[in-house]
Amino acid sequence: MQEIKEKYFEGERALYGLSNTILKNVTFGEGESPLKETKDLEIKATIFKYKYPLWYSNNINITDAIFETMSRSGIWYTNNISIKNSNLQAPKLFRRCKNITLDHIFFSNAEETIWTCEDITIKNTEINGDYFGKDSSNIYMENVRVIGNYVFDGAKNIVCKNCSFVSKDAFWNCENVTLINCQIDGEYLSWNSSHITFKDCTIESDQGLCYMDYVTLENCILNQTPLAFEKCSNIKATINSKITSIKNPISGIIKAKKIETVIIDPTKVDPKATKIIFIEPVDREVSVSDQNQEGE
């Protein structure tokens, strides 16, 4: 491989079509699309200052890089890209990309980032910004912290382990999601989603977990989560805490230490289709039949 070291480039398409090259300690200044239609690049300790640096590229490995604010919309239509130990300041990075690997990344502004992408692995990363991961699929995340609303709207085939989310309307319109040992804080969690599983998670969500099908909670804690499970079907929930209130679940089983308020309107749902099991303080099984039923 050829090597380019300690260089400064500016102007449009500065290294257009470059291939089979190592770039080290390079800065790309003002000028759009410096590495458009490139392939087989090793990029090390490099700074991107301007727009659209990597479009229509393939087989890109990046370490110790900086994408400054104006390198927005920086990585689109690019396949097989790995970025490690890097700071990404620009919004709208990654659109319609495949095979993305991110490790030890700091996204200071991840607004509208990773949209309509496939086959994504993210580890040991901090993400700040709204609408992260929209309409993307085949996602694995581990040890990731997310602060930003509407994360993964319309996404599918997601596994998250040891992650935290501070996010209003997280995981809306999703399919096939598993969260393991995660902390989630934000209103209206997971509406309109199907086949979603929470294992060993701590959740706080005003009116969270509603309008869902095939929702499973295993060994979870629901802190201050009122009006949960509205219009949810095929519920399998084991909650190791109290639930503030549930409202009009369609069907399934809910086990909890205590439910402060159960609201059932028989004109909207069949009360017999949802079964409630009180773990504490009363060890008994209850079929919901009344419009308002106290959990004790």
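These numbers come from the heavy atoms of this one structure, side chains and all, not from hydrogens, waters or symmetry mates.
Of the possible polar contacts, one joining the Thr38 side chain to the Leu35 backbone as a donor-acceptor pair under 3.5 Å is found. Between the side chain of Thr63 and the backbone N or O of Lys44 there is no donor-acceptor pair closer than 3.5 Å. A donor-acceptor contact shorter than 3.5 Å links the side chain of Ser205 to the backbone of Tyr188. The closest donor-acceptor contact from the side chain of Ser245 to the backbone of Thr261 lies at 3.5 Å or more, if one exists at all. Judged purely by atom type and a 3.5 angstrom limit, Ser167 uses its side chain to pair as donor or acceptor with the backbone of Gly148. Although no hydrogens or angles enter the test, the distance criterion places no donor-acceptor pair under 3.5 Å between the side chain of Asn157 and the main chain of Ser137. A donor-acceptor pair under 3.5 Å links the side-chain atoms of Ser193 to the main chain of Asn173, judged by distance alone. The backbone N or O of Lys168 sits less than 3.5 Å from a side-chain atom of Asn149, completing a donor-acceptor pair.
In terms of heavy atoms, Asn124 sits closest to Val144 at N-CG2, 4.2 Å. When every heavy atom of Gln224 is checked against every heavy atom of Thr244, the shortest pair comes out as CA-OG1, 3.6 Å. Closest non-hydrogen pair, Ser136 versus Cys117, comes out as OG-N, 3.0 Å. Residues Thr113 and Lys92 share a closest heavy-atom pair of OG1-N, 3.4 Å.
To the nearest 0.5 Å, atom CG of residue Asn176 and atom OG1 of residue Thr197 are 9.0 Å apart. To the nearest 0.5 Å, atom CD1 of residue Ile276 and atom NZ of residue Lys255 are 13.0 Å apart. Within the model, atoms OG of Ser86 and CG of Asp64 stand 6.0 Å from one another, a figure rounded to the nearest 0.5 Å. For the atom pair CZ of Arg96 and OG1 of Thr116, the computed distance is 4.5 Å after rounding to the nearest 0.5 Å. Rounded to the nearest 0.5 Å, atoms CD1 (Ile203) and OG (Ser190) are 7.5 Å apart. Remark: Gln183 CD to Cys163 SG distance equals 11.5 Å, nearest 0.5 Å.
Ile180 belongs to no hydrophobic cluster, as no Ile, Leu, Val, Met, Phe, Trp or Tyr side chain comes under 4.5 Å of its own.
Side-chain atoms of Asp200 and Asn181 form no donor-acceptor pair, as typed in the model, at a separation below 3.5 Å. Side-chain contact of Gln2 with Thr21: a donor-acceptor pair under 3.5 Å is present, judged by distance alone.
Within a 6.0 Å radius of OH in Tyr214, no more than 12 heavy atoms belonging to other residues, nucleotides or ligands are found. For Glu204, the CD atom is densely surrounded, since the number of other residues' heavy atoms within 6.0 Å is greater than 12.
Ring-plane geometry between Trp115 and Tyr131 is classed as perpendicular, the angle between the planes exceeding 60 degrees on a 0 to 90 degree scale with a lower cut at 30. Classified by interplanar angle (parallel below 30°, tilted 30° to 60°, perpendicular above 60°), the ring pair Phe132/Phe152 is perpendicular.
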Item to check | Verdict with reasoning, Glu42 to Lys24, per salt bridge (Lys or Arg N to Asp or Glu O under 4.0 Å) | outcome: CA-CA 8 Å; Glu42 297 282 343; Lys24 188 173 183 180; over 6 Å; no
Item to check | Tyr140/Lys123 under side-chain contact (heavy atoms from CB on, under 4.5 Å): CA gap, chis, key distance, verdict | outcome: CA-CA 8 Å; Tyr140 178 82; Lys123 296 182 178 180; 4.0 Å; yes
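Salt-bridge annotation for Lys49 and Glu68: present, with a side-chain N of the basic residue lying under 4.0 Å from a carboxylate O of the acidic one.
Applying the salt bridge (Lys or Arg N to Asp or Glu O under 4.0 Å) test to Lys134 and every residue at least two apart in sequence or in another chain returns nothing.
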